[in-house]
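Below: the structure, in structure tokens.
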Amino acid sequence: MKAAGRREPRVLSGFRDFLPEQMLLRQRIVGVIRAVFERHGFEPLDTPALELIEVLTGKAGENEKLMYRFTDGGGREVGLRYDLTVPLARVVAMHQNDLVFPFKRYHIAPVWRAERAQRGRFREFWQCDADIAGSASMLADAEVVAVMAEALAAVGLPRCTIRINHRQLLAALARAAGVDAAGAGTVFRAIDKLDKIGPDGVARELEDSGITAGATGRILAMVTEEGDPAARLASLRSGLDQDAEAMAAIDQLGELFGHLPAFGVADEVVRFDLSLARGLDYYTGPVFEAVVEEPKVGSVAGAGRYDGLIGTFLGRSVPATGISLGLERIIEVVKEFDLLPGATSTTDVFVAVTRDTVADAAQIAARLRDQRLRVDLGLQPARSLGDQAKYAARKGIPVAVLMSPADVGAGTAVVRALHTGAQTTVLLDDLGRAVHEALRADDAAGPALSDA
RNA sequence: GUGCCUUUAGCUCAACCGGCAGAGCGCUGGACUGUGGAUCCGGAGGUUACGGGUUCGAGCCCCGUAAGGCACCCCA
């Protein structure tokens, strides 16, 4: 019978609970990414989820309509952070005297966007950001691209390429097409769809938005040109030689591509892609994006240089560049291809308990914990040992200690490897060693047996 | 935010043309066994996502809401 006044348990669209099995995978992936960040000298930072609305607005352009904003109980206008980059800019401006520049920080935390939820896109999702504030050098951009490539490789993403473009180059394309600054966004959006709708589709969209056929042709020719980055940059240089800003952007990209091999980023990992636009208004220089072909979850990482953003809080400009990895999209890919199989439990060993062995089992569990093992003690003495072994196997625990009353009398216990069924009877004094041995054997057997 | 599709027990899914809402697994009580519970007997669990409407009668048809999926927009 339903209790009167019972409430429907629910969560909002685009928001999720993470059960233990999912948390184990999430924590593993976050651990891998954090390790890459720290290997490159980035240090941790955290900031509030909620910011004053004036801190958040005026940076993301059109996207601001996706921001969660409301009035708090004290009448303040506040918003949930939309990304981790704007809070970083605020921190740099507020705490500049306490920071050492170039400031390299990483930030792994949830952000919120009021979008329609889909596979790989949620209203609450985690970003893993690594940024460098205080360096205008292309060395900083090369480093963050290297971090991006390394992190994606570390979680095992297959066929992952990093597209690279430059905001000023894109702006120059629009100028070359005779489009004023106001209409440039339309041009960017059309070009950005090249992969999806093809050259003809882009041409149609450009002409629909009032751009001449001649200009459309010139833009498409530059955007679709094939060849290695150096050759294409040279070609652009001759095509845009009247445009000083375009020249500067080309120089920067040339420098960036020149650095990448020494930073360990192979040529086939990166692609100079003039069609990459990226939406956030605050990007000012090189922009990056990592995409996977399968499954279709959009980009798994996005990034770029934003030399003007910190200045909006400070009055003087502080150059900055950085990357953002999308945790949930990376997880979608990892799950799709089972890229990180293995441990499904945080527990090493389960100790079964029977009606007659409660105290013995509890003491054994305590001794195993003293030996640095993670131990789950059975709580259901009425259940048979077989039932308890099944419980442990379902939780993904690799090893069980099963002790019948007869074992207690003999001073022994059974150590059972749950993935293989192999078991041995050992003296209680040898139990810790035997459990460690079973765990090593389980590790050696590898993931193939782990879901048996 | 817009459009299309989906929603039946904890899970996976049935239910003819609109005619008594079901199965397997799981859960649970017991028998029997002290080692992945095999086997046997019993039980609970549903306002068919939610709210309206049409009809003698709605899981099925119509409208609305919510969630999930897909596309757009945008993006991690």
Side-chain angles (χ1 to χ4, degrees), chain A residues 1-2 6 8-16 33 60-67 82-85 108-129 148 151-152 185 188-189 192-193 196-197 276-281 287-292 295-304 322-333 350 352-357 378 380-397 400-408 413-425 452:
Chain A
M1 189 192 295
K2 262 181 199 168
R6 172 178 165 274
E8 197 60 33
R10 20 189 353 209
V11 294
L12 291 163
S13 174
F15 290 74
R16 294 154 304 154
I33 292 171
E62 277 286 291
N63 297 324
E64 274 178 24
K65 66 185 183 213
L66 300 179
M67 200 179 302
Y82 176 90
D83 64 15
L84 301 177
T85 309
I108 299 174
V111 302
W112 293 268
R113 295 180 193 177
E115 286 189 280
R116 182 84 172 250
Q118 261 183 64
R119 180 178 188 184
R121 70 187 326 190
F122 304 94
R123 292 183 159 187
E124 177 181 62
F125 63 98
W126 285 59
Q127 292 193 321
C128 310
D129 280 31
M148 181 189 272
L152 295 174
F188 298 167
R189 274 191 293 278
D192 194 52
K193 292 184 193 167
K196 196 175 289 184
I197 62 180
L276 173 66
R278 298 202 51 77
L280 267 41
D281 277 8
V287 288
F288 326 111
E289 182 172 285
V291 289
V292 289
K296 287 180 184 150
V297 291
S299 56
V300 294
I323 58 163
S324 179
L325 305 172
L327 181 61
E328 351 290 312
R329 292 184 177 181
I330 289 172
I331 286 172
E332 282 294 322
V333 181
F350 171 79
V353 58
T354 74
R355 289 184 180 97
D356 302 320
T357 64
Q380 297 173 288
R383 294 255 156 248
S384 74
L385 292 179
D387 240 358
Q388 294 186 59
K390 188 182 179 187
Y391 156 88
R394 279 191 152 186
K395 286 187 71 170
I397 301 171
V401 172
L402 306 170
M403 201 177 37
S404 68
D407 284 313
V408 171
V414 170
V415 175
R416 183 180 173 95
L418 292 167
H419 292 152
T420 61
Q423 63 179 45
T424 53
T425 303

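Proteins come first, then strands; the chains are lettered A, B, ... in the order of their sequence lines, and each starts at number 1.
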What contact category does [X] fall into here, base, sugar-phosphate, or nothing, at under 4.0 angstrom with non-hydrogen atoms?
X        : answer
A:Gln423 : base
A:Gly386 : base
A:Val111 : nothing
A:Ser299 : sugar-phosphate

Would you say the base of B:A76 stacks on A:Phe125 (centre-to-centre below 5.5 Å, plane angle below 30°)? yes
Among A:Phe122, A:Tyr82, A:Phe15, exactly one meets side-chain contact (heavy atoms from CB on, under 4.5 Å) together with A:Trp112. Which residue is that? A:Phe15
Pairwise [atom1] distance, [M] and [N] [rounded to whole Å]:
N     : M     : atom1 : answer
B:C27 : B:G10 : C1'   : 8 Å
B:A76 : B:G26 : P     : 45 Å
B:A66 : B:A49 : C1'   : 8 Å
B:A9  : B:G34 : C1'   : 33 Å
B:A23 : B:C17 : C1'   : 24 Å
B:A44 : B:G30 : C1'   : 14 Å
B:C61 : B:G18 : C1'   : 8 Å
B:G45 : B:C11 : C1'   : 13 Å

Test log, rule salt bridge (Lys or Arg N to Asp or Glu O under 4.0 Å), inputs A:Glu115 and A:Arg123: CA-CA 6 Å; A:Glu115 286 189 280; A:Arg123 292 183 159 187; over 6 Å; no
Integer-rounded Å distance: [N] [atom2] and [X] [atom1]:
X        : N     : atom1 : atom2 : value
A:Arg119 : B:A71 : CZ    : P     : 10 Å
A:Arg116 : B:U6  : CZ    : P     : 15 Å
A:Glu332 : B:G68 : CD    : P     : 13 Å
A:Leu276 : B:A76 : CG    : P     : 10 Å
A:Asp192 : B:C72 : CG    : C1'   : 14 Å
A:Arg416 : B:U35 : CZ    : C1'   : 6 Å
A:Arg113 : B:C73 : CZ    : P     : 17 Å
A:Arg123 : B:G69 : CZ    : P     : 12 Å

Are any of the side-chain heavy atoms of [X] and [Y] separated by less than 4.5 Å?
X        : Y        : result
A:Thr354 : A:Pro405 : yes
A:Arg121 : A:Arg116 : no
A:Leu327 : A:Phe125 : no
A:Asp407 : A:Val414 : yes
A:Arg113 : A:Asp83  : yes

Tell me the partner of [N], counting only Watson-Crick (N1-N3 plus N6-O4 or O6-N4) or G-U wobble (N1-O2 and O6-N3) with both under 3.5 Å; none if nothing fits.
N     : answer
B:U65 : B:A49
B:G22 : B:C13
B:U8  : none
B:C40 : B:G30
B:G1  : B:C72
B:U54 : none

Please check the phosphate of [N] (OP1 and OP2 only) for any side-chain N or O of [X] closer than 4.0 Å.
X        : N     : value
A:Gln118 : B:G68 : no
A:Lys65  : B:C74 : no
A:Ser13  : B:A66 : no
A:Lys193 : B:C73 : yes
A:Arg121 : B:C74 : no

Start at the 5' end of RNA chain B and walk down; is the nucleotide closest to A:Asp407 or to A:Leu325 reached first? A:Asp407
Can you find a donor-acceptor pair, distance only, under 3.5 Å between A:Arg329 side chain and B:C75 base? yes
